[in-house]
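Scroll down for the structure; my scribbles are underneath it.
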Amino acid sequence: MSVRVRFAPSPTGSLHVGGARTALFNWLYARKEGGVFVLRVEDTDAARNTAAAQAAIVDGLRWLGLDWDEGPEKGGPHAPYYQSQRGHIYDAYFQKLVDAGHTYTEENGAVRFRSPRQVIVLPDKICGDVKIDRTEEPDMTIRRPDGSYIFHFVNVVDDIEMEITHVIRGEDHIFNTGKHIELFRAFGAEPPVYAHIPLILNPNGSKMSKREDGAALEYYTKRAFLPAAFVNYLCLLGWSPKDDREILGIDDILPLFRWENMNHSNAKFDLEKCLWFNAQYLAKLDAPAFDHLAIAWLLKQEQPLPGTDDPRLVSALPLIQPKIKSIPEIAEHLHMLFDGSSPVAEDASVKLAAQPEIAKRLETLKTHLEGIETTDWTAAGIQAAVAAAAKELAIKPGALMFPLRVLATGQAHGVDLLPALEWLGKPETLRRAAARIPQCLPAV
RNA sequence: GACCCUUUCGUCUAACGGUUAGGACACGACCCUUUCACGGUUGUAAUACGGGUUCGAUUCCCGUAGGGGUCGCCA
């Protein structure tokens with residue numbers, strides 16, 4: 001019997017990191033086993049569902065690169081894949097329960113399932129055998145007075161109907177599973193294999209909620225993270241190849257995606273490390289791919305950044321690519337390259353002030369830069385001029401590089417300097433230097 | 001509070017019952033670099049605690065403590 005798994009989100013907000021990983025693990029398991037990955041939208045709570053959330057799920061999964069074999073926009077033998085459109089199926093299953101005497105109706109019309117009140121042992125692929133004592137639990141409601149059905153009921157009905165063989169979901173569902181197994185048994189169906197994965201937590205240890213910054217997948221899509229990098233990082237939260245490798249593609253992960261390689265404890269999401277993965281993948285991008293990514297992001301900004309409409313933009317991007325961990329960091333570099341009027345940054349001026357004879361150095365530097373023939377205004381030519389200035393001052397050329405950086409960019413950090421100066425051109429570089437020299441001099 | 005899951009550097013994690021407890025992020029130092037970075041080398045840093053079992057416990061068992069989750073006519 002072939003593997004059939006599903007991702008069954010409810011469209012009540014943006015897709016969040018935990019949901020993304022649940023989808024990812026289901027997808028990985030399906031692909032590893034040559035099975036089927038079903039997307040099912042659990043939109044039974046009309047009051048809370050939105051079209052925007054609906055789109056966020058589809059867009060999010062596409063961004064992650066997780067293609068579904070059955071589901072919205074794809075169809076399949078068990079269509080429809082929206083629970084809001086499956087009412088007749090639920091009615092039929094509901095009647096089976098009623099006929100078998102498993103239900104009773106409350107005064108207000110809500111219908112409850114009469115629990116067998118047993119201790120259930122859940123053989124979980126990750127947690128092991130989990131005892132769930134249902135003997136003292138209240139009966140679950142399965143249908144509201146208005147006739148709509150509750151999550152537990154529709155979830156189980158659909159898993160039966162869609163022939164789901166494995167349920168991979170967050171550990172926060174582990175007690176629901178007790179209820180679900182009761183329903184499977186009441187329907188005379190064999191429960192699927194369960195695997196409850198530990199949760200992803202905020203850095204402070206609290207449960208990642210949809211509201212928090214960085215918890216929504218949108219946070220990463222808006223910042224143009226590379227999906228492959230994000231997926232790579234996400235896999236390492238809750239799963240491990242059990243060796244020292246960290247940069248792993250789907251092809252590396254698939255053969256090792258086994259229950260034994262799943263972790264048992266919750267993991268905190270570390271944005272710094274996620275950014276590091278992104279930087280690793282960003283650095284490997286070829287120029288056209290990077291340009292495409294960067295420009296697409298630039299065009300989406302409400303406030304246009306310097307250089308966005310400048311024909312020199314594409315020639316500036318290669319200077320920036322190796323310096324950033326995420327696309328939005330382009331902004332500061334564009335300011336530096338395209339906006340010569342920005343004042344000298346505080347940390348730059350402090351660091352500069354520590355140099356001896358700063359006025360003399362800056363002037364000497366300027367003089368030598370002015371002396372460069374326009375045709376020699378290249379990284380190598382500028383380097384030669386810096387060396388000449390250093391010789392005149394009897395200091396190491398390296399000592400002049402930082403002042404030069406501050407004069408040209410106003411910053412203590414930034415792109416590789418010599419190529420940047422070549423890119424800026426002689427007139428612009430000199431204009432900036434002249435304007436900034438006064439700012440760089442110690443206050444009298 | 002009850003129940004369930006869980007516990008190795010700050011974080012993510014590795015370690016057939018025998019390792020100087022390894023790697024990565026972050027942080028520091030050094031090297032490379034005529035700057036900023038990348039990279040390389042390296043340093044600080046962990047088996048929650050208490051009992052067992054064992055020649056030997058990070059590893060197995062039992063407690064305690066910590067963390068997380070769940071206790072809906074939300075999903």
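Chain letters run A, B, ... following the sequence lines, proteins first, then strands; residues in each count from 1.
- Here A:Gly205 lies in heavy-atom contact (under 4.0 Å) with sugar-phosphate atoms only.
- Taking side-chain N and O atoms only, A:Arg112 has a distance below 4.0 Å to OP1 or OP2 of B:C73.
- Note that A:Arg312 lies in the cation-pi zone of A:Trp423, set by a 6.0 Å cut-off to the ring centre and a 45° limit from the axis.
- At the heavy-atom level, A:Lys179 lies nowhere under 4.0 Å from the strands shown.
- Of the listed nucleotides (B:A26, B:C36, B:A24), B:A24 has the atom at the smallest distance from the side chain of A:Glu246.
- Counting any heavy atom pair closer than 4.0 Å across all strands shown, A:Lys396 reaches no nucleic acid atom.
- Within the 4.0 Å cut-off from OP1 or OP2 of B:A14, at least one side-chain nitrogen or oxygen of A:Lys242 is found.
- Of the side-chain N and O atoms in A:His413, one or more sit less than 4.0 angstrom from OP1 or OP2 of B:A37.
- Comment: A:Glu137 does not engage A:Arg117 in a salt bridge, judged by the lack of any side-chain N to carboxylate O separation of less than 4.0 angstrom.
- OP1 or OP2 of B:G68 has not a single side-chain nitrogen or oxygen of A:Ser265 nearer than 4.0 Å.
- Within the 4.0 angstrom heavy-atom criterion, no nucleotide atom of any strand lies near A:Gly178.
- Regarding the sugar-base torsion, B:C38 falls in the syn class, its angle being within 90° of 0.
- An OP1 or OP2 oxygen of B:A14 is reached within less than 4.0 angstrom by a side-chain nitrogen or oxygen of A:Asn263.
- Comparing the same atom, P, in B:A46 and in B:C31 gives a spacing of 28 Å after rounding to whole Å.
- Between A:Gln280 and B:G39 there is a side-chain N or O to OP1 or OP2 distance below 4.0 Å.
- Under a cutoff of 6.0 Å and an axis angle of 45°, A:Lys125 and A:Tyr194 do not form a cation-pi pair.
- Nucleic acid contact for A:His173: base, since at least one base atom lies under 4.0 Å from a heavy atom of the residue.
- At least one cation-pi condition fails for A:Arg86 and A:Tyr82: the charged atom is not both under 6.0 angstrom from the six-membered ring centre and inside a 45 degree cone around its axis.
- Counting non-hydrogen atoms under 4.0 angstrom, A:Val130 reaches the backbone sugars and phosphates but no base.
- Residue A:Arg405 has its side chain nearest to B:C36 when only B:A26, B:C25, B:C36 are considered.
- Nearer to the 5' terminus of RNA chain B, by closest-nucleotide assignment, is the contact made by A:Pro138 (compared with the other of A:Glu42 and A:Pro138).
- Relative to the six-membered ring of A:Phe187, A:Arg185 misses at least one condition, a distance below 6.0 Å or an angle of at most 45° to the axis.
- No side-chain donor from either of A:Arg144 and A:Asn108 sits under 3.5 Å from a side-chain acceptor of the other.
- Contact annotation: A:Ser240 side-chain N/O to B:A14 OP1/OP2 distance is under 4.0 Å.
- Checked by distance alone, A:Asn176 brings a side-chain donor or acceptor within 3.5 Å of a matching partner on the base of B:A75.
- Listed pair A:Lys273 / B:U11 fails the phosphate criterion, with no side-chain N or O lying under 4.0 Å from OP1 or OP2.
- Residue A:Ser10 places no side-chain N or O under 4.0 Å from the OP1 or OP2 atom of B:A75.
- If you check every strand for non-hydrogen atoms under 4.0 Å, A:Asp45 touches sugar and phosphate atoms only.
- Remark on RNA chain B: of its neighbouring residues A:Met140 and A:Asp243, the 5'-side contact belongs to A:Asp243, judged by nearest-heavy-atom nucleotide.
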